[in-house]
Structures are given as C-alpha cells and as structure tokens.
Amino acid sequence: MTQYKTISTIASALTSKPVDDDSNETFFKCDEIPLKGKTEDESRELTNFSSNHYEIWYPKPVECQATETSHSDLLSGVYEGGLKIWECTQDLADFLTKSDDDTEKTLLADFEGKRILDLGCGVGVLGVLAMTHNAKCVTFQDYNKEVIETTTISTILCNKSIYEEMDLNNVNLFSGDWDSFVDVMKEKHAGTKFDYILTSETIYNEKYYKKLLNVFRELLADDGTVFLAAKTIYFGVGGGMRSFEKALTDTKEFKSDVVWKSEVGVLREILKINKISS
C-alpha cells in the first residue's frame, strides 16, 4: 500500500509562496492535475461511503506518517486532513441525497448541466455524487497534490464502472493553496464561475477565512450557491459557524442561512451561502 510522505518530503515536493508580504508562512502553489491517462490502482483495497441510497467506493485511507509524528489530524500549511472523510462530509452528502417527501426529488437533481466545485475535496465523494447527476463540469480541489493523485483520482475512476453517467471528460483537478487556485482559475480558465460550491470542514481555522471568502467572491456565479458543512465550534483551533457567519456578514457581499443542524452528538450545521445582489 502506498504510504503518505513525511512532513519534510511533502514540504519539498511542491513549490510554496508566502501568504502575504508580512508573513513568513508558506503554502503550496496551485497545480492543475490531468485525469487523462490515469488508471485505477487495483492493488488498493476499497471501502464504501453510503448516503441514503447512494454508495460511493474509495481507496482505503493510506497511513499519514506526518500526522502520526505530530499526533494531529492537521498540519497547517503541510497537510490539511484530505485523507480522512470527516463527519460533516457525511452530513452534506446526506443533505444533498435526501429525497423531498412530496416530489421525491433530491438537491443533486439540480446539478444537471451545472458547474460544480468540490472545494477541499479530499477523497472526493461530494464531487463524485455531483458527477452521477450529469453535471456540466465537476472541479475537485484539495490542498495536497498527493491526496489528489493517490486517492481522489482513484475514487473517480473506480466509481465510473458503477455510474455510467459519469463523464470523465468533464473533470478538472487542482491542488494547492486557495489564493493560488483562484489565480490559476482566473489566468487559465478565465470566466469560469461555479453554480454550486460544496465544501465541508473548511472553517476550522479563522486565519483561512479570507482565502475561503475570496474563492466564493471570485469563483461563485452571481446566482450560485455554496453549501458549507462544518462543526458549530472547533475547540482548540478557534473556528466555527458563528465566527464564519460574522466574517461573511462583514464582507457585505454574502448572505447565509442555516439549512440543517445535527440533533445529537457533536453540534454540526450546514450553511447555504449566496451573493447579495448589487
């Protein structure tokens, strides 16, 4: 089984750039990763992710040596948790695949013919769900290139044989920092705007809010929608729904509504975000 690389190897594998002029912190630059020519690694053991009547298969997670060394699931600027399917990804998948009691229609049905961004995709189950409903284009983005190459691509390919409607010609893959991702999209894919942005567990660190809001500002269509799933409070790291709602409000560019809340266990929510019409 492929082993995830050490902190030093990951850090040197990609070029990095300063966050801004007054910071010494570095992040991986955006890299566009081609899907064409890639083949499924049949040596990898698969496991399944279930959401209502949908089942998505993905490679059993590889061991992340970097997080084992640090005793943490996240390493800022090095590894952002992409090898694990977090609780809120399940929440958002269930929200999108739940049938309306009256019409039996799911929110996924609205993805047909639309441009979808799975932001912070990790394993990629949300983007694959979008692909099963004839989206015009599905873009997968994760911070770590290794996550895209070792896991996300395999998830896409192994589900193609299950869901024939998945069109591999309409897939784009990117790794790297969000600011760099926006720059590359504007330079190489000018005019591309997403009808839906799906993202989960991406607001745990307040220092990334500016970058995340910039993705929404630059890449969300004027009439587009963001569905953001997250824990109400991230203890120990400072982020959470209320602080992010404040950041949204402070921009005076976005409006949001809580469209789902957990009823048991850890408090979790789904936020629906739209641009405010000028």
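Below, each value reflects all heavy atoms present in this structure, side chains not excepted, and no hydrogens, waters or symmetry copies.
Donor-acceptor pairing under 3.5 Å is recorded for the side chains of Thr202 and Thr199. Checked by atom type, the side-chain pair Ser99/Thr106 shows no donor-acceptor distance below 3.5 Å. Using modelled atom types and a 3.5 Å distance limit, the side chains of Asn48 and Ser50 yield a donor-acceptor pair. No hydrogens or angles considered: nothing links the side chains of Ser175 and Asp31 as a donor-acceptor pair under 3.5 Å.
Scanning both residues, Lys231 and Cys88, for their nearest heavy atoms gives N-SG, 3.6 Å. The minimum heavy-atom distance between Ala93 and Leu129, with the atom names listed, is CB-CD1, 3.9 Å. Closest approach of Thr251 to Leu248, counting heavy atoms only: OG1-O, 2.6 Å. Across every non-hydrogen atom of Gly127 and Val138, the tightest pair is O-CG1, 3.7 Å. Between Arg44 and Pro59, the shortest heavy-atom contact is NH2-CB, 3.1 Å. The two residues Leu213 and Ala247 have their closest heavy-atom pair at CD1-O, 3.9 Å.
Residues Tyr58 and Leu46 form no side-chain contact, since every pair of their non-hydrogen atoms from C-beta on lies 4.5 Å or further apart. The shortest distance between side-chain heavy atoms of Leu108 and Thr97 falls below 4.5 Å. Side chains of Phe49 and Gln90 form a contact here, defined as non-hydrogen atoms less than 4.5 Å apart. Between Leu219 and Met185 there is a side-chain heavy-atom pair separated by less than 4.5 Å. Side chains of Phe111 and Leu198 form a contact here, defined as non-hydrogen atoms less than 4.5 Å apart. Leu212 places a side-chain heavy atom less than 4.5 Å from the side chain of Trp178. By the 4.5 Å heavy-atom criterion applied to side chains, Phe227 and Leu271 are not counted as neighbours. In this structure the side chain of Thr139 never reaches within 4.5 angstrom of the side chain of Asp118, judged on heavy atoms.
Residue-environment remark: CG (Asp100) exceeds the threshold of 12 foreign heavy atoms within 6.0 Å.
The distance from the OG atom of Ser256 to the CD1 atom of Ile273 is 6.0 Å, given to the nearest 0.5 Å. To the nearest 0.5 Å, atoms OH (Tyr209) and OH (Tyr204) are separated by 11.0 Å. Taking NE2 of His53 as the start and NZ of Lys98 as the end, the distance is 12.5 Å to the nearest 0.5 Å. With rounding to the nearest 0.5 Å, the separation of NZ in Lys272 from NZ in Lys255 is 8.5 Å. Going from atom CG of Leu126 over to atom CD1 of Ile116 covers 11.0 Å, rounded to the nearest 0.5 Å. With rounding to the nearest 0.5 Å, the separation of NZ in Lys145 from OG1 in Thr152 is 13.0 Å.
A cation-pi contact links Lys211 to Phe27, judged by a cut-off of 6.0 Å to the six-membered ring centre and 45° from its axis.
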(message) As a quick check of understanding, evaluate side-chain contact (heavy atoms from CB on, under 4.5 Å) for Thr225 and Asp195, giving each step before the final call.
(response) CA-CA 6 Å; Thr225 295; Asp195 301 295; over 6 Å; no
(message) Applying side-chain contact (heavy atoms from CB on, under 4.5 Å) to Leu35 and Leu157, what does each step give before you reach the verdict?
(response) CA-CA 9 Å; Leu35 181 61; Leu157 295 178; 4.3 Å; yes
(request) Just do the side chain to side chain donor-acceptor pair (under 3.5 Å) check on Thr89 and Ser200 with the steps written out, would you? (result) CA-CA 6 Å; Thr89 299; Ser200 68; 2.6 Å; yes
(message) Could you go through Lys105 and Asp110, starting from their C-alpha distance and side-chain angles, then the distance that decides it, and tell me whether this counts as salt bridge (Lys or Arg N to Asp or Glu O under 4.0 Å)?
(response) CA-CA 9 Å; Lys105 181 181 178 182; Asp110 292 333; 3.1 Å; yes
(request) Begin with the C-alpha distance, continue with both residues' side-chain angles, and end with the deciding distance and a verdict on ring pair (Phe, Tyr, Trp, His ring centres under 6.0 Å) for Phe174 and Phe140. (result) CA-CA 6 Å; Phe174 295 88; Phe140 296 81; over 10 Å; no
(message) The test is side-chain contact (heavy atoms from CB on, under 4.5 Å); show your working for Phe181 and Val184 and say whether it passes.
(response) CA-CA 5 Å; Phe181 171 57; Val184 168; 5.7 Å; no
(message) Apply salt bridge (Lys or Arg N to Asp or Glu O under 4.0 Å) to residues Arg217 and Glu253 and explain how you reach the verdict.
(response) CA-CA 8 Å; Arg217 179 182 299 111; Glu253 299 174 69; 3.0 Å; yes
(request) List the steps, then state whether side-chain contact (heavy atoms from CB on, under 4.5 Å) holds for Lys252 with Ile276. (result) CA-CA 8 Å; Lys252 297 181 172 57; Ile276 297 174; 5.7 Å; no
(request) Would you please test Lys246 and Asp250 for salt bridge (Lys or Arg N to Asp or Glu O under 4.0 Å) and show each step? (result) CA-CA 6 Å; Lys246 183 180 184 303; Asp250 289 347; 2.9 Å; yes
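Relative orientation of the Phe216 and Phe254 rings is perpendicular, given thresholds of 30° and 60° on the angle between their planes. The aromatic rings of His133 and Tyr54 sit tilted, their planes meeting at an angle between 30° and 60°.
Using a distance-only test at 3.5 Å, with no hydrogens or angles considered, no donor-acceptor pair links the side chain of Thr151 to the main chain of Ile148. The closest donor-acceptor contact from the side chain of Ser180 to the backbone of Asp177 lies at 3.5 Å or more, if one exists at all. Side chain of Ser243 to main chain of Gly239: no donor-acceptor pair is present (N/O by atom type, distance under 3.5 Å, no hydrogens or angles). With Asn144 contributing its side chain and Glu146 its backbone, the two residues share no donor-acceptor pair below 3.5 Å.
A salt bridge is absent between Lys136 and Glu112; no separation between the charged side-chain nitrogens and carboxylate oxygens falls under 4.0 Å. A salt bridge does not link Glu32 to Lys188: none of the charged side-chain nitrogens sits closer than 4.0 Å to a carboxylate oxygen. Using a 4.0 Å cut-off between a side-chain N of Lys or Arg and a carboxylate O of Asp or Glu, Lys160 and Glu40 do not qualify as a salt bridge. Electrostatic pairing of Arg268 and Glu87 does not count as a salt bridge here, judged by no charged N lying under 4.0 Å from a carboxylate O.
Put simply, Val258 and Val266 are part of two different groups of oily side chains (I, L, V, M, F, W, Y) that touch within less than 4.5 Å, one to the next. Leu267 and Ile203 are not part of a single hydrophobic cluster, where members link through side-chain heavy atoms under 4.5 Å apart.
In summary, of the residues considered (Asn159, Leu168, Asp167), a side-chain contact (heavy atoms from CB on, under 4.5 Å) with Met131 occurs for Leu168 alone. With Glu269 as reference, Thr232 is the one residue of Leu228, Val259, Thr232 to meet the side-chain contact (heavy atoms from CB on, under 4.5 Å) rule.
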